[in-house]
Amino acid sequence: MTELQVKEATVGYPTSQGAASGVGGAEYRQFVSFTVGQEEYAVDIMQVREIKGWTEVTVLPNQPPYMRGVLNLRGLIVPIIDLRCRFGQTRTEATASHVVVIVALGDRIVGVLVDMVSDILTVNTQDIRAVPDMESRDIQDFLVGIVSANERMVAILAIERLTNTRALTDAAAASVAA
Amino acid sequence: MSKRILAVDDSKTMRDMVSFTLKGAGFEVLEAHDGQHALTVLGDEKVNLVITDVNMPNMDGLSLVRAVRSHPVHRSTPVLVLTTEGDAAKKSEGREAGATGWIVKPFAPEKLLQVVQKVCV
Amino acid sequence: MDDFEQFKSTFFAECSELLADLENDLELLQGEFYDKETLNSIFRAVHSIKAGAGAFQFKALVKFSHAFEALLDLLRNDEIPVVEAVVTVLFHASDVLAQMIELARDGQEPESGYGAETLAELDAIRFTARPADAAASANAASPDAALSNGEDAPDGMTTFLIKFLPRAEMFQHANEPLLLVREMAQLGQLSATPSLDRLPDLDTIDPEQAYLSWDFVLKAACSIQDVEEVFEFVVDDAELTIEIEKSEAPAAIEVTEESALPAGVESKNADTRSGRPAQVSSIRVDLDRIDRLVNMVGELVITQSMLSQQTNDMPEERFVPVVRGLEELALHTRELQESVMAIRMQPVKSVFARMPRLVRELATQLSKKVRLEISGENTEVDKTVVEEISDPITHMIRNSLDHGLETPEERIAAGKPEEGVITLSAEHRSGRILIVIRDDGKGINREVVLRKARERGIVAPEQNLSNEEIDNLIFAAGFSTADAVTDVSGRGVGMDVVKRNVQSLGGRINIQSTPGAGTSFTMMLPLTLAVMDGMIVAVGGEKYVLPITAIVECLRPQREALSRLPNGLELVQVRGEYIPLVYLCRAFRLNGGIQNPSEGLVVLVDSDRFGRIGIVVDELLGQQQVVIKSLEANYDPVPGLSGATILGNGRVAAILDVEGLCEDSGTDLGSAASIQGASRAHEVATSQNETREASQ
């Protein structure tokens with residue numbers, strides 16, 4: 001991964017959030033990719049604040065199942081989302097080898113619990129394809145696009161939709177009903 | 001060496017704006033919040049220009065101009081007085097006191113720089 | 001002028017300060033405790049606002065502050081006497097000014113005609129004293145007219161003939177002819193012929209004199225005004241003629257003699273400088289920076305307490321230097337924290353300063369005579385608290401004036417001085433701030449209060465209450481003593497809301513009243529909202545923080561003291577009082593947690609809506625000072641929690657919000673109302689006793 005990072009970095013594509021244009025009109029963006037089970041997901045590298053190992057979190061009252069609780073990130077109180085659970089599967093059996101990707105959304109910060117970080121990808125935005133119709137709308141709603149990298153399919157996450165308030169309340173209501 | 005200007009105003013907003021404009025044009029800017037403070041800041045330092053507000057506590061702008069004019073080191077330092085629109089009396093009082101010129105508030109950045117060019121050696 | 005956008009926030013911050021100063025100074029004017037400097041200071045405040053407003057092109061604000069400033073200028077120059085009628089207008093004007101600034105801050109323009117009346121009042125006073133200003137003001141409507149006397153030569157080149165003979169004064173004013181030449185050269189093609197006629201022999205030369213003069217020929221595509229502008233600053237210090245070649249009617253200005261200007265400015269300024277208070281040297285710092293500092297120190301405190309915990313288990317004799325070092329660290333950390341918190345401390349003056357005005361206006365409205373006495377206005381509290389005390393104080397003063405004080409006739413009949421007195425004081429008391437509002441009015445009419453409380457079902461018909469309990473009923477929810485809701489106190493907020501707000505700040509409020517002699521409100525608040533003394537409680541493996549101020553007592557009830565109502569509400573009997581129980585583990589749907597209070601603990605707290613409540617927890621883990629953090633920065637608000645903190649082990653712990661917890665507990669606390677009816681009055685009386693103890 002480190003090697004790859006260096007290699008990509010030497011290409012020197014600007015990676016500002018507004019997706020700066022590169023040579024010949026092509027726009028390049030960099031993504032951090034990570035895995036949950038067999039699936040691979042990615043978020044824009046500009047959104048990633050840091051990546052840290054799983055530590056115990058503090059459970060908040062009546063939190064939705066996919067919320068693991070909050071942790072202390074150098075004085076900031078950061079909520080942690082279990083991505084596996086968010087996608088309708090069981091809760092992750094989190095261990096010290098699991099990874100939390102800390103992501104900034106505007107001035108809000110959230111952590112996403114995943115299995116492991118796999119790669120840093122440099123992607124031509126023209127190669128990002130629309131999300132195909134899936135059986136599970138749950139998942140589809142949380143994605144902004146699909147890209148293939150090194151013969152793997154990587155789904156790009158819309159982090160903001162993972163946490164939007166309505167989703168929180170809906171999920172909370174659902175959990176109460178259940 | 002860049003030219004050095006002392007901006008004197010009790011309003012931080014005004015100081016900030018003057019300072020921002022001048023720094024943008026490559027001047028070095030010192031700040032003071034009233035006349036007395038200005039004299040302290042001046043000390044025996046070489047300053048190319050003083051820009052001062054008129055209405056300030058402790059020592060107003062006109063008193064500052066007089067103090068500068070009778071100062072052994074700074075007596076030939078240009079002093080611009082910030083006045084408000086149409087205040088002709090203030091301009092002549094400023095001249096009486098020994099001011100080099102004046103700038104009418106509010107000012108556009110270009111206007112400020114233009115006036116500064118006019119008096120800053 | 002978009003470059004200046006970034007200074008808007010500075011400007012508005014400055015405006016708030018200027019408005020507070022203005023208000024303060026106007027008070028002095030009103031009370032006739034003013035000197036020359038007060039008038040100057042008022043003038044400067046409005047002047048600064050105007051100047052800033054001009055820079056950001058808040059047109060309505062400029063226009064209004066200009067009229068305001070013009071009048072103030074006449075006042076400070078003794079051209080208009082400071083009389084009550086004028087001061088009243090100044091107050092109105094300061095209101096309008098504040099309103100306009102607020103609108104500007106929100107990016108709005110005031111409705112057309114807003115403040116027009118006040119503007120007219122300002123002008124009326126000014127123009128009466130100075131009719132000439134009225135004419136000038138009328139002319140000002142077309143300022144361009146004054147400029148159109150010279151011909152514009154936009155395309156064609158004009159040749160200007162300029163004679164320039166500087167006098168020594170020009171050098172004394174530090175003007176430099178070279179710069180003027182340079183400036184003209186920028187306008188167009190310039191040729192200069194210096195005249196050395198006046199130059200004396202070298203040995204008689206006086207370096208401070210002016211000997212040179214010039215004839216310039218300037219060919220430029222500009223107007224004569226542009227050329228005149230070059231000489232703007234020196235026109236009084238030189239002989240200058242500017243002519244346009246080949247023009248039959250040469251527009252020229254010629255200035256030869258320095259006009260004799262009225263002197264006497266100096267002596268006036270000397271006057272204003274005397275008797276000025278010594279200046280405190282200070283710097284202005286962005287609040288964000290301080291908050292960041294406070295946060296970092298909070299982190300440091302947490303790290304330090306974490307380290308201390310770790311060393312508790314160390315064999316001390318083997319690690320003497322480490323343990324000593326950590327003790328030092330703890331000491332320094334605490335001092336650092338106190339110093340940092342002190343940065344945000346502000347005197348309550350800014351709030352107190354608004355009160356004289358409120359009292360004056362209300363007194364007029366109610367036809368009462370009253371004097372407000374203020375003390376302790378320099379008492380300091382955290383900025384966050386200053387912002388929060390304004391409303392409660394305003395409300396209590398309103399209450400005192402409306403309900404407490406009698407009319408002059410009533411007072412005379414009661415053998416009291418015609419003028420009532422309200423005192424407002426602040427002081428530090430055992431690490432908190434104590435604010436007292438006292439009036440010498442008629443005191444609480446307990447008969448009326450009790451009758452009202454019975455009518456509203458707040459007190460059971462047969463129930464007997466002590467005087468103190470009756471007095472405290474005015475804080476009960478839904479209570480208002482005014483027979484007819486008056487314009488003054490009927491603004492939709494009752495004393496119950498005041499009490500709730502004070503409690504939400506971690507404070508307490510009480511009342512003491514003596515019939516015929518007056519009433520006093522006592523408000524006790526924490527000095528800061530950034531740190532708090534908390535009790536750490538454990539429930540089902542999770543830790544929560546309960547604000548110490550909310551806790552009345554903790555107990556482990558006997559099994560016999562527990563009972564259950566038919567609707568499932570569980571109660572605990574404490575000294576004959578039945579108190580409903582809220583299970584934290586149930587309210588928060590936690591796994592685990594002790595289900596039998598006699599095996600765990602009951603923490604008694606006072607809630608405003610439901611009276612005394614017992615919160616069932618597993619155990620108490622101890623008391624500690626915690627740094628209050630917002631949960632909502634990154635998460636949605638959670639009912640029952642008011643925030644979070646970070647414990648010594650680095651873990652987050654939620655801070656409980658008693659009020660929210662009760663409302664959201666899923667327990668039908670309302671059904672306890674009948675039982676609570678009795679305990680409510682008891683509750684207020686008890687809390688009062690506690691505060692009194694605390695304040696002794």
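In what follows, chains carry the letters A, B, and so on, assigned in the order in which the sequence lines appear, proteins first and then strands, with residues in each chain numbered from 1. Everything numeric here is computed off the predicted structure, so don't read it as measured data.
With chain C as partner, the option from B:S76, B:A99, B:G94 having the largest number of non-hydrogen pairs under 4.5 angstrom is B:A99.
In terms of the side-chain hydrogen bond (donor to acceptor under 3.5 Å, both in side chains) criterion, residue partners of C:E14 (sequence neighbours excluded) are, by chain and number, B:S11, B:T13. Taking the side-chain hydrogen bond (donor to acceptor under 3.5 Å, both in side chains) definition, one finds that C:E102 meets it with nothing, sequence neighbours left out.
Contacts between C:F43 and chain B at a heavy-atom distance below 4.5 Å involve the side chain alone, from C-beta outward. With a 4.5 Å cut-off on non-hydrogen atoms, B:L80 touches chain C through its side chain but not through its backbone. With a 4.5 Å cut-off on non-hydrogen atoms, C:E17 does not touch chain B at all. Looking at B:D10, the atoms closer than 4.5 Å to chain C (heavy atoms on both sides) sit in the backbone and in the side chain alike.
Side chains of C:D237 and C:H173: a donor-acceptor N/O pair is present below 3.5 angstrom, by distance only. Looking only at atom types and distance, the side chain of C:T38 has no donor-acceptor partner in the side chain of C:R76 under 3.5 Å away. Side-chain N/O atoms of C:N175 and B:T100 include no donor and acceptor closer than 3.5 Å.
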